[in-house]
There are 2 protein chains.
Amino acid sequence: MTQIKRVTECAPSDDIGNVVPLTVHSLKAACSQCNLQELCLPLGLSEAEIERLDSLVSTRRKLKRGNHLYRTGADFEAIYAIKTGFFKTDVLMEDGRDQVTGFQMAGEILGMDGISLETHTCNAVALEDSEVCVIPFAQLEQLSSEMRTLQHHFHKVMSREIVRDQSVMMLLGTMRAEERLAAFLLNLSQRFTTRGYSATEFHLRMTREEIGSYLGLKLETVSRAFSHFQENGLIAVQQKHIRILDLAGLRTLLTHTPLPTPQRSRGA
Amino acid sequence: MTQIKRVTECAPSDDIGNVVPLTVHSLKAACSQCNLQELCLPLGLSEAEIERLDSLVSTRRKLKRGNHLYRTGADFEAIYAIKTGFFKTDVLMEDGRDQVTGFQMAGEILGMDGISLETHTCNAVALEDSEVCVIPFAQLEQLSSEMRTLQHHFHKVMSREIVRDQSVMMLLGTMRAEERLAAFLLNLSQRFTTRGYSATEFHLRMTREEIGSYLGLKLETVSRAFSHFQENGLIAVQQKHIRILDLAGLRTLLTHTPLPTPQRSRGA
DNA sequence: TAACGCGTTTGATCTGTGTCAACGCTACAT
DNA sequence: ATGTAGCGTTGACACAGATCAAACGCGTTA
């Protein structure tokens, strides 16, 4: 039991329940000591307010790569702030088809899908060993009602998710394969930058298949697009290590519509 | 000025501002008299609580077909509950491509995209003459903090939007053209049912192009799919009048994956 | 009543991406 | 070290849906 076989999918054993004793920690000061304050729920709160948040965020949960933070159908009790690590969320159709709906990194909030039906509607899976702060939702609402800044910021976080979903729809609905991948890379780059990492060099934690699922493409198409970008000197790919050589070039891919609608006024 | 030319796109004149005097009404009892209580924001509130909501919802706004409720970039000040009518929301890319991100009907809430950046990130356009209740957001937050049931229900409404977006992503990412259209029709049917209208016979308020944009397809493909459904006796189409003849058949289209992934265990 | 415009339908053809298949690379396990 | 499994790459081919084009129907306007 000390050696844990790496779980790649549908980990059967110790992450079925919502809380696994071994992976839960008590902590004294959660948010007030956290370096993700500026990205996460505490954003915009005063120090005193953040200290009140601490009382909420009393447990953390550690997940090994491949483990589920929650599964579709699980009771909704808490939302989760990612402290370290990387996640994906995906939805399942009855016929077995699935779709990755997002990739989440440090400072981002998971679990808001569960509020509406009091049941989670997607799976959240750690793509690397990760740690999340557990934020019991009832308590969050309690504190929100006492602290208007927190309430407002939480609304912004939910709204941000809605706005993010809009761009994914735009991506899936209107963009060609290489545009999608360019958008994906630029989005990652931007989010890494925000977190103080390199904008141009990073490690993908997901497979080509997961990227493809997110972008509505097959893994082969993703792979070909990577190769093509490399041929064109836009990026250097080495397995999961990506180096962006021409950020502006990638952006051009997005804004310059190669072929369509030649009859627009092109204003602004 | 009494005769208003039907505005089809980018109405230039009287809907630029956020509020048009002529189309705003004061009202005494908004929610407590409204027959949409069970669908809309008041859901789950007591009568007394609903009466407190009334004070919030003091203005309505009427929109002619084609007019914008709000535009991308407009200051966010309020969310809107649809009292009567039908809307679409769409997002614009810099290069002119756009994507319909949703169709909204009575009882549904518009505008939550604006919370995160205090600016709307999509356009909301009336697809028929419509009326919305204006809910000033600052006041909604104020009242939410005093009324936990309202706060909680509002969170559910936002979360529901996130869940809806997940299914749109699934649709755009994994479904074939006819599956998308079937899903679209079934979704409409379901929502009409909820509102007491026929599940099997309704009038589409949007064009084939708008349907296509929403579904990530071209209008020709939408049209062909309609024709094909009709040939198969699933629906009867007559311009924008749709009659569903075989609801179960439409559902089968969704769950029976015709060709792909023959190597799954098919469990549950 | 005729003419126009817009949305829709339908056909013919083209093409981007999916599908199928083989091979290569890397990392872990024996 | 060497074998093996999973992931990634690349090629050949197929096909769903896009594109281009023409005609139709319906409502509006002259």
Side-chain angles (χ1 to χ4, degrees), chain A residues 3-10 65-66 97 99 127-128 171-182 203-213 215-231 235-242 253 257-263, chain B residues 3-9 65-66 88 97 127-128 171-182 203-231 235-242 253 257-263:
Chain A
Q3 286 259 87
I4 301 180
K5 217 180 163 105
R6 163 116 31 70
V7 184
T8 53
E9 264 200 86
C10 291
R65 171 143 86 105
R97 282 181 286 182
Q99 163 94 5
L127 294 182
E128 62 181 25
L171 181 147
L172 292 171
T174 74
M175 292 165 81
R176 347 271 255 38
E178 299 198 351
E179 295 176 315
R180 297 185 196 190
L181 189 64
H203 187 87
L204 299 175
R205 289 104 214 267
M206 69 297 279
T207 65
R208 304 286 130 114
E209 185 169 20
E210 286 165 331
I211 297 172
S213 173
L215 299 179
L217 302 170
K218 293 295 164 184
L219 71 290
E220 293 95 330
T221 307
V222 173
S223 181
R224 279 185 245 271
F226 270 129
S227 302
H228 192 225
F229 285 176
Q230 187 157 36
E231 285 163 27
I235 63 175
V237 190
Q238 200 179 217
Q239 298 291 118
K240 298 191 163 169
H241 294 273
I242 301 288
L253 270 184
T257 166
L259 354 155
T261 51
Q263 88 277 43
Chain B
Q3 286 259 87
I4 300 180
K5 217 178 162 104
R6 163 115 30 71
V7 184
T8 53
E9 264 199 85
R65 171 144 87 105
K88 72 167 178 184
R97 282 181 285 184
L127 294 183
E128 62 181 24
L171 181 146
L172 292 171
T174 74
M175 292 165 84
R176 348 269 258 47
E178 299 198 351
E179 295 176 315
R180 297 185 196 189
L181 189 64
H203 187 88
L204 299 175
R205 289 104 215 269
M206 68 297 278
T207 65
R208 304 284 128 115
E209 185 170 19
E210 286 164 333
I211 296 173
S213 174
Y214 179 60
L215 299 178
L217 302 169
K218 293 294 163 185
L219 69 289
E220 293 96 329
T221 306
V222 173
S223 180
R224 278 186 244 270
F226 270 129
S227 302
H228 192 225
F229 285 176
Q230 186 157 35
E231 285 163 26
I235 62 175
V237 190
Q238 199 179 217
Q239 299 290 118
K240 298 193 162 166
H241 293 273
I242 301 288
L253 270 184
T257 165
L259 354 155
T261 51
Q263 87 276 45

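Here C:dT8 presents its P atom at 9 Å from CZ of B:Phe226, a figure rounded to the nearest Å. Remark: C1' of D:dT10 and NZ of A:Lys218 are 18 Å apart, rounded to the nearest angstrom. Put simply, CG on A:Leu217 is 15 Å from C1' on D:dA16, counting in whole angstrom units. Atom P of nucleotide D:dG17 and atom CG of B:Leu171 are separated by 12 Å, given to the nearest angstrom. Rounded to whole angstrom, the span from the NE2 atom of A:His203 across to the C1' atom of D:dG8 amounts to 14 Å.
Side-chain proximity of B:Glu220 to the nucleotides C:dG18, C:dT10, D:dG17 is greatest for C:dT10. Out of D:dG8, C:dT8, C:dT9, the shortest distance to the side chain of B:Val237 is found at C:dT9. In the set C:dG16, D:dA18, D:dG8, the nucleotide with an atom closest to the side chain of B:Thr221 is D:dA18. Side chain of A:Ser223, nearest nucleotide from D:dT10, D:dC26, C:dT17: D:dT10. Of the candidates C:dT10, D:dA18, C:dT17, C:dT17 carries the atom nearest the A:Ala177 side chain, counting heavy atoms from C-beta on.
The side-chain heavy atoms of A:Gln99 and A:Leu172, taken from C-beta on, include a pair separated by under 4.5 Å. Side-chain atoms of B:Phe226 and B:Arg208, non-hydrogen and from C-beta on, do get closer than 4.5 Å to each other. Considering only heavy atoms from C-beta on, B:Lys88 stays 4.5 Å or farther from B:Met206 through its side chain.
Remark: of the listed residues A:Val237, A:Ile242, A:Leu253, A:Leu253 is the sole one forming a side-chain contact (heavy atoms from CB on, under 4.5 Å) with A:Phe229.
The residue among B:Arg208 and A:Leu219 whose nearest nucleotide of DNA chain C is located toward the 5' end is B:Arg208.
Residue-level contact check: A:Gly216 touches the backbone only, with heavy atoms under 4.0 Å from sugar-phosphate atoms and none from bases.
Side-chain N/O atoms of A:Lys240 include none lying less than 4.0 angstrom from OP1 or OP2 on D:dC7.
Within a 6.0 Å radius of CD in B:Glu209, other residues, nucleotides and ligands contribute 12 heavy atoms or fewer.
A donor-acceptor contact under 3.5 Å links the side chain of A:Arg224 to the base of D:dG11. Interface remark: the B:Arg180 side chain does not form any donor-acceptor pair with the D:dG17 base, using a distance-only criterion of under 3.5 Å.
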